[in-house]
Amino acid sequence: MLKIFLVEDESIMREGLRDNMPWQQFGYEFVGEAADGETALPLLRRTRPDVLLTDIKMPFMDGLALSRIVAKEFPNMKIIILSGYDDFEYARQAIQIGVEQYILKPVTRETLKKVLSEVKEKIDSEKEKKINMERIQSEMREYELMSQRNFFEKVFSGRLSVQEIYTEMEKLSIHLEGPYFNLIMVGAQRKVRGAGALATDSQKFVRCQDEMMHYFVRFPEYMIFNWNMNTYGILIKGEQGMMETYTRRALQNIIRIYSQIEDEYDWYAAEGTPVARLSLLSECYEEANHQLSLRYLAWRNADDTS
């Protein structure tokens with residue numbers, strides 16, 4: 001059900017439209033009314049309708065002025081103009097603003113039904129396109145993350161030659177300029193708690209993951225990637241003299257972010273030793289992963305004895 005808001009200064013006209021139109025049959029919920037644009041604006045900000053149905057000639061703030069503000073502030077809101085003036089200049093300005101429909105008074109039920117049906121079809125179509133686009137983008141992002149994960153898995157296992165590393169990087173648009181590299185692995189394990197707390201814990205963990213991703217993608221010296229469901233890898237790249245600074249800064253922010261969930265999760269960050277070649281990243285990974293694995297083993301043992 002779409003939401004619609006009516007702005008009309010003639011009370012008889014406004015009340016007639018409000019009370020006599022079968023809004024729900026048209027697929028709409030009537031969410032508010034106002035006598036002019038000035039009083040309508042704060043109500044529109046509060047109700048955020050899908051469609052604004054407004055008269056064009058009103059005191060204080062007319063329909064065109066209101067439409068200009070709405071088009072700028074709520075670009076997805078559809079605007080339908082009601083006018084008793086069969087005037088080309090009004091229609092021209094309405095088109096420039098981006099008004100969806102321009103209806104001349106008197107307004108009949110059939111005319112309004114037809115216009116509202118057309119607007120609803122357009123809104124539904126736009127929503128469907130948006131959902132499809134978001135789905136495609138999500139699938140592309142998942143494919144990209146999986147491709148990165150597979151690439152780093154091959155690099156860290158030493159299965160790629162230097163030439164193959166650069167070939168894969170070009171295919172995946174991965175940029176590892178270096179010349180020095182280090183690796184931090186960050187893992188988390190949920191603490192054993194009652195079932196009622198699991199949903200809340202999971203939400204906190206997702207927010208923590210999002211914050212991790214948003215922080216590290218901002219800086220060219222870091223490349224963050226998912227290693228598995230509970231573990232991130234952060235590849236650090238830069239000049240030799242900056243590696244310690246970049247690593248310390250990364251760890252400080254990991255501590256800052258993960259400290260928000262340490263009541264619900266055990267977590268651990270393990271770092272490798274900087275290397276001067278991409279082909280040596282496997283050694284860096286082995287060191288960091290060994291430290292992380294020992295910590296996971298300690299968690300499992302603690303769970304077994306509880």
Side-chain angles (χ1 to χ4, degrees), residues 1-138 210 214:
M1 193 75 69
L2 300 178
K3 297 189 293 184
I4 189 167
F5 192 99
L6 173 64
V7 187
E8 167 63 62
D9 64 320
E10 297 180 14
S11 59
I12 295 177
M13 176 75 171
R14 186 174 69 253
E15 292 167 3
L17 287 171
R18 180 194 65 197
D19 298 335
N20 297 322
M21 286 293 172
W23 299 105
Q24 291 192 348
Q25 291 182 24
F26 297 166
Y28 289 84
E29 176 190 1
F30 190 89
V31 294
E33 61 182 290
D36 60 78
E38 184 180 4
T39 57
L41 197 53
L43 297 175
L44 290 170
R45 288 171 176 148
R46 187 169 73 240
T47 58
R48 295 181 178 270
D50 301 287
V51 178
L52 167 63
L53 181 62
T54 179
D55 190 13
I56 200 168
K57 199 74 172 178
M58 298 179 294
F60 305 108
M61 181 190 291
D62 65 26
L64 287 177
L66 175 63
S67 296
R68 288 190 184 93
I69 296 173
V70 166
K72 184 176 181 180
E73 193 169 334
F74 307 103
N76 293 325
M77 192 182 299
K78 305 301 182 186
I79 303 170
I80 302 173
I81 291 285
L82 301 174
S83 176
Y85 299 84
D86 188 6
D87 187 293
F88 173 77
E89 180 58 24
Y90 282 117
R92 185 188 66 80
Q93 292 185 52
I95 291 172
Q96 287 181 334
I97 293 168
V99 168
E100 201 66 34
Q101 295 277 0
Y102 188 93
I103 305 175
L104 292 177
K105 296 178 180 179
V107 182
T108 66
R109 176 180 294 195
E110 287 305 311
T111 299
L112 187 56
K113 178 181 179 181
K114 180 176 180 295
V115 169
L116 290 177
S117 178
E118 291 174 355
V119 171
K120 186 176 186 301
E121 286 181 10
K122 184 171 183 178
I123 292 174
D124 290 342
S125 176
E126 290 175 351
K127 287 182 177 180
E128 184 176 357
K129 288 179 181 178
K130 183 179 179 182
I131 290 172
N132 289 336
M133 182 59 67
E134 290 174 348
R135 177 181 56 79
I136 292 172
Q137 290 174 343
S138 176
D210 288 342
H214 291 156

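The shown structure was predicted, so the numbers you read here are calculated from the model rather than taken from an experiment. Residues: numbered from 1 along the sequence shown.
Within the 4.5 Å cutoff, side-chain heavy atoms of Leu112 are placed close to those of Leu17. Taking the side chain as every heavy atom from C-beta outward, Val107 and Met13 approach each other to under 4.5 Å. Contact check for Leu66 versus Leu52: side-chain heavy atoms found under the 4.5 Å cut-off. Between Ile69 and Met61 there is a side-chain heavy-atom pair separated by less than 4.5 Å. Inter-residue side-chain proximity for Ile56 and Leu64 is flagged as met; some heavy-atom pair is nearer than 4.5 Å. By the 4.5 Å heavy-atom criterion applied to side chains, Ile4 and Leu116 are counted as neighbours.
The distance from the NZ atom of Lys78 to the CD atom of Gln101 is 11.0 Å, given to the nearest 0.5 Å. For the atom pair CD1 of Ile123 and CD of Glu100, the computed distance is 7.5 Å after rounding to the nearest 0.5 Å. Remark: Thr108 OG1 to Lys113 NZ distance equals 11.5 Å, nearest 0.5 Å.
Under a cut-off of 6.0 angstrom, the local environment of CD1 in Ile12 is sparse, with at most 12 non-hydrogen atoms contributed by other residues, nucleotides or ligands. In Glu134, the CD atom is crowded: over 12 heavy atoms of neighbouring residues, nucleotides or ligands sit closer than 6.0 Å.
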Given Val70 and Thr54, is the side-chain contact (heavy atoms from CB on, under 4.5 Å) satisfied, shown in steps? CA-CA 11 Å; Val70 166; Thr54 179; over 6 Å; no
Let me see the working for Phe26 and Lys120 under side-chain contact (heavy atoms from CB on, under 4.5 Å), right down to the final yes or no. CA-CA 9 Å; Phe26 297 166; Lys120 186 176 186 301; over 6 Å; no
Check step by step if side-chain contact (heavy atoms from CB on, under 4.5 Å) holds for Val99 and Ile79. CA-CA 5 Å; Val99 168; Ile79 303 170; 4.0 Å; yes
Quick one: do Glu8 and Arg18 satisfy salt bridge (Lys or Arg N to Asp or Glu O under 4.0 Å)? Show the steps, please. CA-CA 10 Å; Glu8 167 63 62; Arg18 180 194 65 197; over 6 Å; no
Would Glu126 and Lys130 satisfy salt bridge (Lys or Arg N to Asp or Glu O under 4.0 Å), going step by step from the backbone distance to the final call? CA-CA 6 Å; Glu126 290 175 351; Lys130 183 179 179 182; over 6 Å; no
Worked check of salt bridge (Lys or Arg N to Asp or Glu O under 4.0 Å) between Lys105 and Asp55: CA-CA 10 Å; Lys105 296 178 180 179; Asp55 190 13; 3.3 Å; yes
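Of the possible polar contacts, one joining the Thr47 side chain to the Leu43 backbone as a donor-acceptor pair under 3.5 Å is found. Proximity of a side-chain donor or acceptor of Asp50 to a complementary backbone N or O of Lys3 within less than 3.5 Å is detected. In this structure, the side chain of Arg109 engages the main chain of Asn20 through a donor-acceptor pair within 3.5 Å. Judged by distance alone, with hydrogens and angles left aside, the side-chain atoms of Tyr28 form no donor-acceptor pair with the main-chain N or O of Val51 at under 3.5 Å.
With respect to Glu118 and Lys114, a salt bridge is recorded, a charged nitrogen being found less than 4.0 Å from a carboxylate O.
The two atoms that bring Val7 and Ala35 nearest to each other are CG1-C, 4.4 Å, heavy atoms only. Residues Asp36 and Pro59 share a closest heavy-atom pair of CB-O, 3.4 Å. Closest non-hydrogen pair, Phe5 versus Ala40, comes out as CE2-CB, 4.1 Å. Closest approach of Ile81 and Ser67 over heavy atoms only: CD1-OG, 3.7 Å.
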